[in-house]
Number of protein chains: 2
Amino acid sequence: MFSPQHAFLEYLSKNNMAATEQRRVVLEVFLGTDGHHSCEELYMQVCKQDPTISPATVYRTVKLLAESGIAESLDFGDGVTRFECRYNKQHHDHLVCVRCNMKIEVVEERIEDLQESLAQKHGFTLNRHKMILYGICARCRDA
Amino acid sequence: MFSPQHAFLEYLSKNNMAATEQRRVVLEVFLGTDGHHSCEELYMQVCKQDPTISPATVYRTVKLLAESGIAESLDFGDGVTRFECRYNKQHHDHLVCVRCNMKIEVVEERIEDLQESLAQKHGFTLNRHKMILYGICARCRDA
DNA sequence: ATAAATGCAAACGCTTTGCGGGAAT
DNA sequence: ATTCCCGCAAAGCGTTTGCATTTAT
């Protein structure tokens, strides 16, 4: 009832979709790799578990994970869509090191509040936002 | 001395690049269309002025505009890179209506400050950031 | 039995690139 | 004269899709 696995099964049955072995494997791999991963990266992991699963199935399944709210898609601007787990996780933004690509998840309530009032000031009902901070991390600067 | 045209010529000569008619036309079109435009959109405008100019040249020239600091590339997440004029314009972020695609340029100094201190708190030297707020504009909500 | 999901390979949309002829320096 | 640039067409990239077959319901 409170696991992402269960949530996914519920989403599938609610939409008359089949609970296939491939979908189970993709979800398992997705949950097992924390961080922010592309479909290609996930596919490589999936292959280790079952080499007969195709890239197309990974793309298709990850899209379902996003639609069901278990995954969230991220665009760091390098042409690749990445995904992170959103299940039972609070919203956060990202701090990205432009040198080593390290990514830190950050939250700043005051920014969120200001975004909301900024949107309101312009008559907008805010749905969501994307905020990515690019810089150089401490380790790279000292290196 | 203070026009984008001059700045571009200077950038070109500094890098041993030729001041061609095509580059002049692309710059002129870019400066003449305010807002946020894709290379394809710019190409269509360019064609009206000179139908012999190729898409490839538009892509190549716009890239030069970005490298020279006259243009800035924007990624609103729909798979198309757009460009806006950066010459003598202050930094700003964007508010995007997810329904009609209207885009408003916004600035909130307090957010900028909080971003800076948030980065510092994590040991980052901040280079730049991307912030896009997605929502529904007043007109679309009332419609 | 029906409807849906899979693997495969081809197609997609945006963008970049190799090439030979042509233009700027 | 040399270097750089252009237009063209082809390739590149991550991702999506049509199709015939296999699988879940």
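Numbered from 1 within each chain, the chains take letters A, B, ... in sequence-line order. These numbers come from the heavy atoms of this one structure, side chains and all, not from hydrogens, waters or symmetry mates.
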Review point. Think B:S54 has a side-chain N or O under 4.0 angstrom from the OP1 or OP2 of D:dC6?
Key: no
Review point. Between D:dT17 atom C1' and A:K63 atom NZ, what is the distance in whole Å?
Key: 10 Å
Check your understanding: Checking all strands, does A:S38 fall into the base, sugar-phosphate, or nothing category for heavy-atom contacts under 4.0 angstrom?
Key -> nothing
Check your understanding: For the rings on B:F76 and B:H36, is their centre-to-centre separation under 6.0 Å?
Key -> yes
Practice item. Could you check whether A:R23 gets within reach of a base, just the sugar-phosphate, or nothing at all, counting any heavy atom under 4.0 Å? Key: sugar-phosphate
Review point. Hey, does the Lys NZ or Arg CZ of A:K130 hover above the aromatic six-ring of B:Y134, less than 6.0 Å from the centre and inside 45° of the axis?
Key: no
Check your understanding: Just how far, in rounded Å, is P of D:dC5 from CG of B:N16?
Key -> 9 Å
Exercise for review: Please examine the side chains of B:E105 and B:K89, heavy atoms only from C-beta on, and report whether any two atoms are closer than 4.5 Å.
Suggested key: yes
Check your understanding: Side-chain N or O of A:Y59 less than 4.0 angstrom from OP1 or OP2 on D:dT16?
Key -> no
Review point. In Å, rounded to the nearest 0.5 Å, how long is the span from CG of B:N88 to CZ of B:R86?
Key: 10.0 Å
Practice item. Measure the CD1-CD distance between B:I53 and B:E21 for me, rounded to the nearest 0.5 Å. Key: 7.0 Å
Study note, to complete from the structure: Note: for A:R60 and A:E40 on DNA chain D, the residue whose nearest nucleotide lies more 5' is A:E40
Practice item. Rounded to the nearest angstrom, tell me the gap between atom CG in B:D50 and atom C1' in D:dC6. Key: 11 Å
Check your understanding: In whole Å, what is the span from the CE atom of B:M44 to the C1' atom of C:dC14?
Key -> 14 Å
Review point. Are A:T81 and D:dT15 close enough that a side-chain N or O sits under 4.0 Å from OP1 or OP2?
Key: yes
Revision key, fill the gap. A:Q22 atom CD is separated from C:dC8 atom P, nearest whole Å, by 11 Å
Revision key, fill the gap. Taken to the nearest whole Å, CZ/A:F83 to P/D:dG14 is 14 Å
Point to revise | Name of the residue among B:V98, B:L133, B:I132 meeting side-chain contact (heavy atoms from CB on, under 4.5 Å) with A:R128 | key: B:V98
Point to revise | Closest non-hydrogen atom pair between B:P4 and B:I70, with its separation | key: O-CD1, 3.6 Å
Study note, to complete from the structure: Rounded to whole Å, NE2 of B:H37 lies from C1' of C:dT15 at a distance of 19 Å
Check your understanding: Between A:H129 and B:H94, is the gap from one ring center to the other below 6.0 Å?
Key -> no
Review point. Between D:dT15, D:dT16, C:dA24, which one does the side chain of A:V80 approach most closely?
Key: D:dT15
Study note, to complete from the structure: Of the listed D:dA9, D:dC6, C:dG7, the closest approach to the B:A56 side chain comes from D:dA9
Check your understanding: Between the axis at one end of the helix from C:dA1-D:dT25 to C:dT25-D:dA1 and the axis at the other (five pairs apiece), what's the angle to 10 degrees?
Key -> 30°
Review point. Of B:R82 and B:T20, whose nearest nucleotide on DNA chain C comes first from the 5' end?
Key: B:R82
Point to revise | Candidates D:dA24, D:dG7, D:dC5 - which lies nearest the side chain of B:T57 | key: D:dG7
Check your understanding: To the nearest Å, how far apart are B:L12 CG and D:dC5 P?
Key -> 8 Å
